[in-house]
Each structure stands twice: as C-alpha cells, then as structure tokens.
Amino acid sequence: MISIREVEHVALLARLSLSEKEKEIFAEQLSTILDYINKLNELDTDGVEPLYHILPIYNIFREDEVKTGTSREDILANAPQVEEGQYKVPKII
Amino acid sequence: MTLSGDYETVIGLEVHVELKTASKIFCSCSTSFGAEPNTQVCPICSGFPGMLPVLNHKVVDYAIKVGLALNCEIAEFCKFDRKNYFYPDLPKAFQISQYDLPICKNGYLDIDINGDKRRIRITRIHMEEDAGKLVHQGDITTTPFSLVDLNRSGVPLLEIVSEPDMRSGAEARAYMEKLRSILLFTGVSDCKMQEGSLRCDANVSVRPRGQRELGVKTEIKNMNSFRAVEKAIDYEAKRQMEALEYGEEIIQETRTWDEEKQVTRSMRSKEEAHDYRYFPEPDLPPLKITPEWIEEIQASLPEMPDQARGRLMEQYGLSEYDASIITQSPDYLAFFDECLRNYSNAKTVANWMMGELSRLLNQNNMEISECLVKPEDLIKLLGLIDNGTISGKMAKTVFEEMFAGGKKPELIIKEKGMEQISDEGTLKAVIEEVVANNQKVLQDYKNGKKKAFGFFVGQVMKATKGQADPSAVNKLLRERLDK
C-alpha cells in the first residue's frame with residue numbers, strides 16, 4: 001500500500017500540487033498499479049540475464065562531426081519569454 | 001590544544017571534465033566555447049519532444065583513454081541512464097548519465113605530499129552530458145529572472161569520482177593538479193578551471209581521530225581554482241570541527257565557496273532533493289567494449305606524467321621536484337624537451353622555466369602555448385649568458401622583453417646596447433675614473449675598511465649602466481685597489 005506521504009514525496013519531485021482528496025485517490029490507484037506490476041515477481045527469473053534495453057542492438061554511434069544546428073530565431077520561436085537571445089525564466093537559487 | 005589534532009578530515013572529490021570533442025555528446029552541434037548564446041543548439045540538446053540522441057563515438061574513446069590513464073578497469077558492458085531533476089538549465093528535465101554500470105571503475109592515481117607518496121583510489125568514471133548555463137540579470141539577490149543559454153547543453157563530460165582517501169585541502173589540491181596533468185597528457189580536455197572545463201565538487205566530513213565510521217558530510221561547490229579547492233576544504237573542515245566542539249550537529253547539505261569572503265555558505269538542504277529516480281535510458285542502446293577496442297586505445301596513450309618525470313630524472317638528473325613541475329602539462333614538457341635538443345644544461349633550462357617563464361605566465365594568466373618566447377629563443381638567450389655577452393641579471397630583463405613582444409634576444413640586446421662589457425681596457429679606464437673621483441674612500445679601503453670594496457663595485461656598475469661583467473670588475477678592482 002502506498003502511503004499518503006509517499007504520494008506527497010512523488011508529487012513534490014514531479015512539481016505537482018495535489019489536493020487532499022487527490023492524494024487519497026492517487027495513493028489507492030498507485031497501489032493498484034504496483035500490485036499489478038508485482039505479479040512479475042512471481043516469475044522464477046533464476047539464471048535469466050537482466051535486460052537493460054528492449055532491442056538486441058549495441059554500439060550505435062555517430063562520428064564526431066559538427067553540423068550546423070538550428071537558428072537561434074527558430075529554436076527560441078516557441079519560448080514563452082525571450083531576452084538577449086536567451087530563454088527568460090523565473091530565478092531559481 | 002588544536003582541533004585538527006583531535007579530528008581527522010575526510011575528503012572525496014567529484015570532478016567533471018569537459019571533453020574536447022568537436023561536436024556534442026548526443027547531437028552534431030559545436031562545442032566551441034564563447035559563442036553567442038543559443039547559437040550552437042538544435043532540437044536534441046534543447047530537449048524538444050520526440051528528439052533522439054545518438055552517441056558520439058569519440059566520447060567513448062576518450063572515456064576509455066582516461067580510464068586507462070587512471071588505472072581503471074574498463075567495463076565490457078555499459079549503458080546510459082536518466083537522472084531526473086528539474087532545473088531551468090536542464091531542458092529535458094533529466095540528464096543522460098550513467099548510474100549502475102559506468103564505463104570505468106576501480107582506478108587510482110598517486111600524489112606526492114611533502115615527499116610522501118599517497119595513492120588516491122578512483123571509484124568510477126562515467127560519461128554524461130553537461131547542462132546549459134544560467135545567467136542572472138543584474139543583481140542576483142534582487143532580480144526575479146534568469147536567462148538560459150543552451151550552448152553548453154549536451155557538451156560531453158566525464159565525471160571522475162574518488163574514494164574518500166584525502167585528508168587535507170593540500171592533498172585534495174595535489175590530487176586535482178595531478179589529475180589535471182594526466183588529463184592534459186591524454187589530450188581529451190583543455191582542463192581550464194576558469195572556463196569551467198575542469199570542475200570540482202568536494203565531499204568533506206570530519207571525525208574524531210581513531211573513529212572508523214565517517215562523519216556527516218557536506219558537499220562544496222563553486223571552487224574555481226586549485227587554490228580555492230585547498231582553501232575551501234580547509235575552511236569547511238575547520239567549521240565542522242568547531243561545530244562539533246560546540247555540540248552542534250553537522251547537516252548534510254550543499255555549500256558554496258564564497259571566494260570574496262573566503263567562507264563556505266549553505267546553498268540548500270539535500271534531504272528531499274536527493275531522489276533522482278534513475279532509470280535506463282531507452283533511447284540509447286547499451287555499449288559492448290571489446291578487448292581489441294581497449295588495446296587500440298591503450299596503444300594510442302602517450303607518455304604519462306609519471307613516466308615523463310622518471311625520464312627527466314634519469315636522463316637529465318633533474319630533482320623529483322623540478323621534474324614534476326616540468327611535467328605538469330604536455331606543453332611544458334614539450335618546451336623543455338625542445339630546448340634540450342640544442343642545449344645541454346637541463347638544470348639551467350628547468351630553472352628558467354620554473355622561474356622567469358612561470359612567473360610571467362602566471363602574472364599574465366597565460367598558458368605556455370600562448371607564450372611568444374619559443375624554445376629556440378630561450379636557448380639562444382642562455383647561450384648569450386654562457387658566452388659572456390650578457391650577465392644573468394640582464395638576461396632577466398631581456399627575457400621580459402622577449403616575453404612581452406616576442407623579439408629575438410640578440411635584437412633586444414643590440415637595440416638597448418646591453419652587451420656586457422668585459423673588455424679589460426674599457427673596464428680599466430672606468431675603474432681609474434671611479435678611483436680618481438673617490439680618493440677618500442680609497443684611503444678608507446687602504447686603512448682596512450674592506451667594505452669599501454663593494455662601494456667601488458657599485459660605482460663601476462653604475463658608470464657602465466650595469467653592463468660591466470661582474471666577475472671581470474671584481475678581478476680588475478682587486479688588482480687596482482690592492483696594488
């Protein structure tokens with residue numbers, strides 16, 4: 001069972017603000033999801049190599065070559081606020 | 001009673017080094033430093049939705065190279081992970097890094113501390129991407145906004161993590177200096193602390209001497225020079241010892257080094273923030289590193305600082321101290337080696353490099369690669385001292401001029417009329433004049449006031465604007481005064 005405290009912790013990490021009611025709902029829903037996933041633990045995985053990536057491919061590279069990127073105008077086109085060619089954001093210290 | 005006698009300081013360092021690749025780690029944008037903000041960016045390094053990273057081959061080559069240079073085991077298999085946190089300089093809200101399977105682990109490097117060799121173990125080295133840069137507008141304490149430049153976002157980094165094996169600020173500094181010289185010799189980074197291509201965070205704790213278990217640590221950031229690393233750590237250790245003496249608890253937190261006030265200040269508490277929820281990066285397939293690949297990199301490793309130091313001591317009889325200064329960077333060593341190709345006195349070259357050359361480089365905040373004095377110029381100057389054209393003292397003046405304008409030593413000496421006067425006839429004439437003008441002092445000298453000799457030397461040097469050959473002056477003056 002996921003506790004309200006755990007929901008609050010995860011919500012804080014995701015920068016979500018939840019009402020008391022929502023916390024209860026999510027505690028219950030998250031618990032149900034985790035219980036479902038926990039079914040996997042019933043499988044015997046002795047001797048099975050851990051899987052780190054879903055595709056059986058390795059060592060996909062590009063060479064170290066510079067290509068012209070996107071123009072500053074284009075890259076900043078969707079920024080909510082721009083100043084001196086930069087994204088303008090609230091100060092975080 | 002001193003606190004440092006009762007407590008032991010324990011230090012581990014996390015070093016970030018920017019790799020000198022042409023393009024970024026996961027996209028083809030340029031990594032060059034100092035461009036206009038947001039002019040070396042693309043949808044990948046700006047974290048636009050749906051963009052896919054592709055790994056730069058050279059980053060892996062460089063990581064293996066550094067791992068080998070630092071005596072690490074190279075992983076046969078490794079992968080990337082996402083480190084999740086929110087910060088405006090991190091556009092994807094996660095950093096692609098390596099978590100449980102880093103590319104290198106279990107290495108070490110050796111430092112010399114007051115003649116003692118200490119081995120500092122390296123826990124791991126992993127590859128990751130750098131974040132962007134935040135610029136605060138106006139006064140940082142009052143402005144409500146920051147500006148974000150993503151040129152640095154996606155520049156390849158290696159994070160090199162040491163074991164908590166250091167015991168003082170001086171050891172941490174020695175570790176950083178040694179690490180820098182090894183990295184410079186591998187050629188993977190320019191390691192400029194001022195420009196941020198070499199950065200260091202220190203984990204510092206103290207414990208009562210004899211206690212096994214580690215004390216609560218703090219992490220110190222924003223140390224922008226080797227000196228700052230040493231000072232900040234020593235300050236922080238002392239702060240913690242004093243806190244413990246007063247019965248206060250040390251809080252695990254991040255602290256920043258305030259260069260101006262020379263203190264560490266609390267930045268933020270780490271209790272809640274430390275949950276990065278790492279998980280494997282699904283957009284990058286894992287790496288398999290073959291023994292052949294490792295051998296190929298091994299074969300490309302140049303002479304490392306420790307080897308070079310041994311060579312200088314053996315081949316030229318330099319002291320360990322001199323040899324370690326000369327091997328601080330490959331450019332320094334190349335300068336020395338180049339001088340020695342056409343000049344035989346290694347000790348003299350070392351002295352000039354460690355003395356005048358280093359002094360002027362430091363004074364002007366320059367690298368030896370930017371220096372206008374080339375090896376052939378220095379040995380030319382040394383030759384002019386050796387054959388008596390100028391005195392060692394004058395050579396320093398000439399050297400300063402060479403350093404400032406890149407002029408050849410012979411030209412400077414000629415232009416300034418600095419040739420040393422060693423012609424006996426000329427000097428004798430000067431001496432006669434000086435003696436004639438100072439009959440009283442001569443009398444004093446003859447009456448046993450031997451100190452007066454120095455007076456005459458001074459007068460002769462003055463009359464020749466310092467150009468007289470001192471040994472010739474000494475000899476001729478003695479002959480004249482004692483006759």
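Lettering of chains follows the sequences in order, A, B, ..., and the numbering in each one begins at 1. None of these values were measured; they are calculated from a predicted model.
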Measuring heavy-atom distances to chain A, does B:Y85 have an atom under 4.5 Å in its side chain, in its backbone, in both, or in neither? neither
Among A:T70, A:T68, A:I57, A:I60, which residue forms the greatest number of heavy-atom pairs with chain B at distances under 4.5 Å? A:T70
Under a 4.5 Å heavy-atom cut-off, does chain A meet the side chain of B:C27, its backbone, both or neither? backbone
Contacting moiety of B:P286, where chain A heavy atoms sit under 4.5 Å: both
A:R15 to B:F86 six-membered ring, cation-pi geometry met (6.0 Å, 45°): no
Residues of residues 32-40 of chain B within contact distance of chain A, non-hydrogen under 4.5 Å: B:E36, B:P37, B:N38, B:T39
B:Y278, OH: over 12 other non-hydrogen atoms inside 6.0 angstrom: yes
Begin with the C-alpha distance, continue with both residues' side-chain angles, and end with the deciding distance and a verdict on ring-ring contact (aromatic ring centres under 6.0 Å, His included) for B:Y276 and B:Y99. CA-CA 10 Å; B:Y276 292 123; B:Y99 182 50; 9.4 Å; no
With a 3.5 Å cut-off and sequence neighbours excluded, list the donor-acceptor pairs that the side chains of residues 41-50 of chain A form with protein atoms.
residue : atom : partner : partner atom : Å
A:N41   : ND2  : A:N38   : OD1          : 3.0
A:D44   : OD1  : A:D46   : N            : 3.0

Using a cut-off of under 4.5 Å for heavy-atom pairs, which of B:S146, B:A93, B:P88 has the most such pairs with chain A? B:S146
Quiz: residues 75-84 of chain A side-chain donor-acceptor pairs under 3.5 angstrom, not counting sequence neighbours:
residue : atom : partner : partner atom : Å
A:E83   : OE1  : A:K88   : NZ           : 2.9
A:E83   : OE2  : B:Q137  : NE2          : 2.3

Using ring-ring contact (aromatic ring centres under 6.0 Å, His included) as the criterion, list what pairs up with A:H53, not counting sequence neighbours. none
So which of B:N84, B:V59, B:V54, B:I25 has the largest heavy-atom pair count under 4.5 angstrom toward chain A? B:V54
Between the side chains of B:S197 and B:E18, does any donor sit under 3.5 Å from an acceptor? no
Cation-aromatic face contact B:K288/A:Y58, 6.0 Å, 45 degrees: yes
Toward chain B, the part of A:E65 with a non-hydrogen atom under 4.5 Å: backbone
Pairs of heavy atoms under 4.5 Å with chain A: top-ranked of B:D149, B:L150, B:V41: B:V41
Contact class of B:S46 relative to chain A, heavy atoms under 4.5 angstrom: side chain
In terms of heavy-atom contacts, does CD of B:E76 have more than 12 from other residues, nucleotides or ligands at under 6.0 Å? no
Atom NZ of residue position B:K105 - does it have more than 12 heavy atoms of other residues, nucleotides or ligands inside 6.0 Å? no
